[in-house]
Amino acid sequence: MPRAQIKNEKMYQKLRDQGESKEKAARIANASAGQGKKKVGRKGGKNPSYSDWTKEDLMKRAREIGIEGRSSMNKSQLVNALRNH
């Protein structure tokens, strides 16, 4: 049964089957439905790689998006949590 908040249900399910989180799968599926797959695929970030960030900056970003357990994580764990959120 399609959900109103998911605009591209087929892509959402494919991403979930690949192990993406519900939130990330919904973001990608909705962006591709609104802008088209090619445009979303070319879209790139302007920030440096998380591995180039300081631990303090990683902690701040993790706090902004609500990653739990961040205070006990080391830098590599923070990078992994942010990449897979």
Side-chain angles (χ1 to χ4, degrees):
M1 180 174 181
R3 292 167 280 231
Q5 67 270 24
I6 305 298
K7 294 179 177 71
N8 186 338
E9 187 71 32
K10 189 175 180 180
M11 178 177 271
Y12 173 81
Q13 275 309 126
K14 184 177 178 184
L15 290 165
R16 289 292 293 145
D17 291 343
Q18 293 174 357
E20 299 295 348
S21 69
K22 290 179 181 180
E23 183 179 284
K24 186 173 184 178
R27 262 195 328 259
I28 293 169
N30 289 344
S32 70
Q35 300 172 5
K37 287 183 188 179
K38 285 186 178 183
K39 188 172 183 180
V40 171
R42 284 191 301 255
K43 188 177 178 181
K46 294 176 176 57
N47 285 329
S49 172
Y50 280 138
S51 57
D52 295 336
W53 289 29
T54 65
K55 184 175 178 187
E56 292 76 26
D57 290 337
L58 293 169
M59 289 289 282
K60 181 180 177 185
R61 180 66 181 141
R63 188 178 318 110
E64 288 172 357
I65 60 177
I67 293 177
E68 293 185 21
R70 65 186 174 271
S71 62
S72 62
M73 293 182 184
N74 62 31
K75 183 175 177 177
S76 63
Q77 291 169 325
L78 283 165
V79 168
N80 188 42
L82 287 165
R83 284 183 178 155
N84 295 310
H85 173 57

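Please read these numbers as outputs of a predicted model, since none were measured by experiment. Throughout, numbering of the chain's residues begins at 1 and tracks the sequence.
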(request) Can you measure from CG (Asn74) to NZ (Lys55) and round to the nearest 0.5 angstrom? (result)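 Rounded to the nearest 0.5 Å, the CG-NZ separation comes to 6.5 Å.
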(request) Kindly compute the distance separating CG (Asn80) from OH (Tyr50), expressed to the nearest 0.5 Å. (result) 12.0 Å
(request) Please name the residue in the list Leu58, Leu82, Leu78, Asn84 that meets the side chain to side chain contact (heavy atoms under 4.5 Å, CB included) test with Ile67. (result) Leu82
Please find the pair of heavy atoms, one from [X] and one from [Y], that lie closest to each other, and give the distance.
{"X": "Ser21", "Y": "Lys24", "result": "OG-N, 3.1 Å"}
{"X": "Met11", "Y": "Ala29", "result": "SD-CA, 3.9 Å"}
{"X": "Ser49", "Y": "Arg83", "result": "OG-NH2, 3.2 Å"}
{"X": "Ile6", "Y": "Ala26", "result": "CD1-CB, 3.5 Å"}

(request) Could you tell me whether a side-chain N or O of Gln13 sits under 3.5 Å from a main-chain N or O of Lys10, the two making a donor and an acceptor? (result) no
(request) Give every residue pair that meets the salt bridge (Lys or Arg N to Asp or Glu O under 4.0 Å) criterion with at least one member in residues 62-81, sequence neighbours excluded. (result)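 Every salt bridge (Lys or Arg N to Asp or Glu O under 4.0 Å) pair that includes a residue of residues 62-81, provided the two are not neighbours, is Arg61-Glu64.
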(message) Under the rule for side chain to side chain donor-acceptor pair (under 3.5 Å), what residues qualify as partners of Thr54, not counting sequence neighbours?
(response)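 Here the qualifying residues are Asp57.
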(message) Going by salt bridge (Lys or Arg N to Asp or Glu O under 4.0 Å), name the residues that satisfy it together with Arg27, two or more places apart in sequence or in a different chain.
(response) Glu23
(request) Applying side-chain contact (heavy atoms from CB on, under 4.5 Å), run through Arg16 and Lys22 and close with a yes or a no. (result) CA-CA 7 Å; Arg16 289 292 293 145; Lys22 290 179 181 180; 3.5 Å; yes
